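Quick note on labels: first sequence line is chain A, next is B, and so on, each numbered from 1. Everything quoted here is computed from the prediction, not taken from an experiment.
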Amino acid sequence: MAKSLEFERPLLELYDKIEQLKGLSNGNDNLADEITQIEKRAEKMRKEIYSNLTPNQIIQIARHPNRPDSLSLARLICDNFFTLHGDRVYRDDPSIIGGIGFVKKSRVMLIGHQKGHGTKENIYRNFGMPHPEGYRKALRLMKLAEKFGIPIITLIDTPGAFPGIEAEQRGQAEAIARNLKEMSDISVPIISFVIGEGGSGGALAIGVSNKMYMLEYSVYSVISPEGCASILFRDAKKADIASLNLKITAKDVLKLGVIDEIIKEPLGGAHNSWKKVASTIKRQITKDLNEFNVQSEQEIKDQRYNKFRQMGRFTS
Amino acid sequence: MAKSLEFERPLLELYDKIEQLKGLSNGNDNLADEITQIEKRAEKMRKEIYSNLTPNQIIQIARHPNRPDSLSLARLICDNFFTLHGDRVYRDDPSIIGGIGFVKKSRVMLIGHQKGHGTKENIYRNFGMPHPEGYRKALRLMKLAEKFGIPIITLIDTPGAFPGIEAEQRGQAEAIARNLKEMSDISVPIISFVIGEGGSGGALAIGVSNKMYMLEYSVYSVISPEGCASILFRDAKKADIASLNLKITAKDVLKLGVIDEIIKEPLGGAHNSWKKVASTIKRQITKDLNEFNVQSEQEIKDQRYNKFRQMGRFTS
Amino acid sequence: MSILDWFANKKNLDKKKSIKNIDKLNIPGNLWVKCPKCSEVLFSKDLELSYKVCSKCSFHFRITPEERIDYLLDNNSFVELDKDIKPVDFLKFEDTEPYEDRLIKAQEKSKYLDAIIIGTAKINGIPVNIGIMNFFFMGGSMGSVVGEKITRIIENGIETKNPVIIFTSSGGARMQEGILSLMQMAKTSAAISKLSSLKIPYITVLCDPTTGGTSASFAMLGDIQIAEPGALISFAGPRVIEQTIKQKIPSGFQRSEFLLDHGMIDNVVHRKDLKKTLKNIISILQAQEENK
Amino acid sequence: MSILDWFANKKNLDKKKSIKNIDKLNIPGNLWVKCPKCSEVLFSKDLELSYKVCSKCSFHFRITPEERIDYLLDNNSFVELDKDIKPVDFLKFEDTEPYEDRLIKAQEKSKYLDAIIIGTAKINGIPVNIGIMNFFFMGGSMGSVVGEKITRIIENGIETKNPVIIFTSSGGARMQEGILSLMQMAKTSAAISKLSSLKIPYITVLCDPTTGGTSASFAMLGDIQIAEPGALISFAGPRVIEQTIKQKIPSGFQRSEFLLDHGMIDNVVHRKDLKKTLKNIISILQAQEENK
Ligand SMILES: [Zn+2]
Ligand SMILES: [Zn+2]
């Protein structure tokens with residue numbers, strides 16, 4: 001774990017101690033017992049911490065700088081992954097990646113938001129916040145996939161759309177809207193995974209899917225807790241309480257019927273083992289594609305339409 | 001006639017004389033005969049000049065600053081013409097205009113290159129040279145027309161695509177190519193008129209039509225005579241001889257099977273009466289739409305495809 | 001996100017007297033209104049007769065759904081549909097006050113249950129389906145009710161083949177309904193996709209303001225999109241951009257005319273010309289034989 | 001228009017000794033070639049074995065159709081089609097010399113009748129339809145013959161369901177065929193539209209240079225578009241722009257990598273990886289049950 005999270009500190013202190021004891025012990029059996037004991041304690045503490053995370057802590061995991069990114073996952077999930085670039089209109093947006101490959105024997109088009117792991121890469125990737133051309137690239141690739149009957153996988157990981165002059169000027173509202181409309185009518189299955197942050201319209205713009213999953217410590221929200229706090233609570237520091245109200249954790253979103261299932265992460269979060277995360281996602285994709293294989297194009301479209309059609313709560 | 005063309009000068013001198021005599025005569029019958037005689041001579045000279053125009057002279061008429069522009073023609077041709085703007089991606093390109101209206105009782109989508117009549121307007125219209133967003137707007141409007149079964153009219157009047165950094169950067173090659181491809185498969189009739197300059201790819205990008213007409217003194221060419229001269233003749237001043245070789249006049253292009261008919265202009269050129277030009281075009285549109293009315297979508301597509309399919313000359 | 005702007009505007013509204021005057025129009029005896037743009041003092045009766053547009057500078061005042069019905073639809077042709085759909089505070093959302101209380105207040109202040117009304121009507125005799133958002137109800141924010149009613153008026157269009165016209169005016173998604181408010185963007189857009197595949201005309205009229213999740217869904221999906229002059233139309237609003245990115249906003253940014261230049265809308269139409277423009281558009285988009 | 005560039009390049013070719021050396025590769029005894037980009041002196045046998053790519057700076061030399069066949073297609077799998085289609089000087093076009101004479105010279109110098117060869121072949125056992133343009137024949141310019149052959153290889157793809165791959169290398173339309181050369185853009189694009197509606201994969205590989213009418217038609221219409229590194233790809237070429245608009249050209253402008261950044265191509269692929277990349281793409285685009 002390269003970077004530690006605040007709430008993990010007691011745990012890390014225990015691990016430090018274990019390391020120290022191991023150094024001291026040097027094969028000395030007297031200490032072995034104590035080490036085992038502390039290790040057990042650490043394991044227990046870890047489970048405790050991770051089974052009682054607040055939404056705010058989960059956000060920290062979701063935003064962890066070492067959390068697996070879409071491109072790395074794509075390469076772990078797919079064989080022969082070949083990246084495809086560009087919207088054929090304006091630019092290749094580095095904050096959305098896409099490409100084709102095989103998941104086992106199935107052909108897939110994989111599209112995802114792309115964050116960086118360091119400052120330089122993050123600036124290049126615009127912190128995973130697309131410009132309109134990113135959504136347009138995604139749509140172009142989805143249409144390409146549809147044309148050739150290739151199922152679509154999307155990996156969602158964005159703080160949201162980019163609040164910048166150029167993004168507005170080039171019509172991010174139009175780009176997001178068009179994606180929502182077009183995705184709803186695509187004849188191949190779309191399977192989405194929120195792998196980190198599912199931030200508002202920027203997330204949904206590649207998330208109108210047949211099956212929707214969230215990694216255990218990911219979040220999905222109409223607005224960032226910080227944004228919500230500064231508007232509704234009139235105090236940006238109340239992000240904590242805003243995040244509680246917004247119901248953004250995988251468990252909450254599952255309850256609201258917006259996702260199908262929660263994908264378990266390795267203990268301590270996805271950043272502890274990219275490979276494990278990739279193989280869990282891969283398993284899910286394979287399972288789903290087998291189901292979709294026996295469905296007609298119309299059934300696939302109808303299932304997606306009906307899913308979104310019934311979202312919303314009201315009385316009359 | 002606001003601006004005079006070089007080869008019309010002798011004619012204009014005659015007209016000046018007539019005006020002078022009329023001023024002198026002041027109802028005096030003695031001069032009336034002479035005036036009539038000179039008028040006859042002028043008329044004869046006019047016919048002579050206009051029946052022996054060189055390609056280079058025709059280009060001058062085609063580029064005449066008072067030649068009717070697309071928007072003015074659109075308003076003369078259509079009732080209730082309502083302009084539609086924008087490519088929904090980047091910009092509204094002022095060098096291509098579009099809109100919907102009625103030609104008699106028929107609904108039409110009219111799209112055309114737009115030049116200006118003065119320097120200021122010409123700069124705004126980029127002298128009728130589209131950027132990629134212009135072609136994309138045109139295509140968007142054509143798709144809109146297709147969706148609602150509205151026939152498409154295009155008015156072609158451009159020196160060509162714009163040789164600028166931004167136009168290249170935003171992919172004018174892609175934009176033109178896409179238009180050619182998509183237009184070939186549009187299910188409503190497309191009727192095109194070269195009303196001035198039909199310059200290379202920029203012209204063709206809205207010219208993949210079922211019926212193609214050229215105004216009598218318009219030109220249609222793969223490259224401007226000036227461009228051709230500087231490349232092939234290694235001397236930009238040889239535009240004259242290049243224009244002869246390129247076969248760019250309405251008569252030549254008709255012989256090559258690229259257009260269906262030549263639309264007569266008022267004597268002296270279209271700039272002498274915009275209304276007459278508009279009404280001639282309008283009549284042609286009405287006639288053609290009546291023919292297309294009884295054709296199926298597939299017939300309309302096939303006719304367009306087959307027309308272009310057989311263009312080209314070779315042996316084997 | 002750009003609901004931030006709605007709030008920004010709301011705060012400005014509270015501050016600026018000149019704008020606050022608009023509200024007073026309904027108070028008897030308050031006969032004069034100051035134009036918030038050019039400061040011209042306008043006689044309120046004249047203002048109403050001139051479509052609530054400043055006679056001096058053409059500033060388009062925000063108007064209520066009733067006013068819009070009055071200005072745009074054939075007399076007495078509007079028949080409201082699904083009037084009784086009510087919002088629910090299903091998250092028990094509580095910021096400075098509970099969502100439930102906010103709703104009750106908004107409902108009491110307006111006579112509406114939520115931020116949109118839908119119905120059938122006629123424009124110069126042509127039957128149309130209409131949705132009119134109400135910015136005066138919680139900033140026109142889109143929660144489940146707005147999403148559902150937009151979807152229903154579209155579905156009704158699919159049945160009747162009536163063209164669908166939606167007048168947007170909204171600060172964006174209603175945060176108090178959490179992720180389900182976001183999902184309304186997908187739900188409404190999917191309905192439009194169905195309408196579109198049946199080739200039934202869908203026209204949007206973007207009114208001040210149209211921002212956030214509303215602009216990034218049904219507002220921007222019109223076969224033809226027209227805007228009232230000077231309307232703020234954006235995803236992320238100017239204030240969010242200034243705060244987040246520290247970029248200076250150019251003048252006229254995100255206004256109707258700016259969007260026209262940047263290719264996002266078909267035209268900007270003065271409110272007084274709106275009815276005849278809509279009639280013209282519909283009569284062209286609908287093939288004659290399909291006209292009813 | 002951007003055939004201007006072809007000429008510009010041609011002039012440069014005539015001037016720059018370093019580039020002229022490429023031609024000498026075929027002359028026995030001329031064993032060394034200087035890289036025109038990095039000036040590295042390369043042993044010509046090595047250069048041929050390394051796909052005619054500079055081992056130091058990865059400069060991709062322009063190659064002949066035979067070399068491309070050799071590098072990319074399964075051994076002896078290429079079967080040429082429509083070999084005998086010949087160009088005609090139907091306009092009696094005469095600039096500094098008659099078109100007819102130009103054609104004869106070009107045909108004598110190369111062993112081809114015009115600037116493209118088409119045929120069927122296999123890539124790692126997968127049947128494909130192939131078109132390879134030949135820049136060494138009148139700058140790869142597109143007249144009636146190129147247009148016709150492109151169209152035929154696509155029509156053959158429509159019949160056989162073979163994916164179509166075209167390697168472009170062309171200065172643009174062939175002016176000597178006047179307006180009919182322009183029409184080849186429409187003709188080829190229309191054929192691609194038919195191929196596309198049948199969902200048969202169409203892949204373009206953009207090689208140096210791909211400009212003018214070629215880039216603005218079949219070159220830019222691939223389901224997937226890849227480019228060789230450093231290829232000039234444009235409509236109006238850099239020289240035309242500089243002359244006409246007096247704009248200074250930024251470095252790297254209109255090269256493959258520039259187009260990648262600007263969203264116009266899917267990827268830039270080194271010549272040595274091209275065969276396996278094409279194989280991978282085709283095996284993904286073609287559904288298993290459709291594979292032959
Ligand atoms: Zn005013
Ligand atoms: Zn080198």
For this session: Hey, could you give me the CG/CG distance between B:Asp92 and C:Leu259, rounded to the nearest 0.5 Å?
Result: 11.5 Å

Problem set entry | C:Lys122 NZ: over 12 foreign heavy atoms closer than 6.0 Å | no

Problem set entry | Gap separating the CD1 atom of B:Ile150 from the CD atom of C:Gln286, nearest 0.5 angstrom | 10.5 Å

Problem set entry | Salt-bridge contact B:Lys137-C:Asp266 (side-chain N to carboxylate O under 4.0 Å) | no

For this session: Under 4.5 Å heavy-atom distance to chain C, tell me which part of B:Arg136 shows up: side chain, backbone, both or neither.
Result: neither

Problem set entry | chain C contact via B:Leu84 - side chain, backbone, both or neither, heavy atoms under 4.5 Å | both

Problem set entry | Heavy-atom side-chain proximity of B:Val108 to C:Ile284 below 4.5 angstrom | no

Exercise. So, for C:Asn280 and B:Asn80, which heavy atoms are closest and what is the spacing to 0.1 Å?
Worked result: ND2-O, 3.0 Å

Exercise. Is B:Lys282 atom NZ crowded by more than 12 heavy atoms from other residues, nucleotides or ligands, each under 6.0 Å away?
Worked result: yes

Exercise. Would you say B:Arg91's side chain and C:Asp261's backbone share a donor-acceptor pair under 3.5 angstrom?
Worked result: no

Seminar exercise, completed: Assert top hit (heavy-atom pairs under 4.5 Å, partner chain B, pool C:Met220, C:Gln225, C:Met264, C:Lys276) equals C:Met264

For this session: Hey, could you give me the OG1/CG distance between B:Thr83 and C:Asn267, rounded to the nearest 0.5 Å?
Result: 4.0 Å

Problem set entry | C:Ser283 to B:Arg107 - nearest heavy-atom pair and separation | O-CD, 4.0 Å

Exercise. Given a strict heavy-atom distance threshold of 4.5 Å, which part of C:Ser196 is in contact with chain B: side chain, backbone, both, or neither?
Worked result: both

For this session: Answer whether the closest heavy-atom distance between the side chains of B:His85 and C:Ile265 falls below 4.5 Å.
Result: no

Exercise. How long is the span from the CD atom in B:Glu146 to the NZ atom in C:Lys199, to the nearest 0.5 Å?
Worked result: 7.0 Å

Exercise. Taking atom CD of B:Glu297 as the centre, does the number of heavy atoms from other residues, nucleotides or ligands within less than 6.0 Å exceed 12?
Worked result: no

Seminar exercise, completed: Taken to the nearest 0.5 Å, the spacing of C:Ile281 CD1 from B:Phe82 CZ works out to 4.0 Å

Problem set entry | Check: C:Asp223 and B:Phe148 side chains under 4.5 Å, non-hydrogen atoms | yes

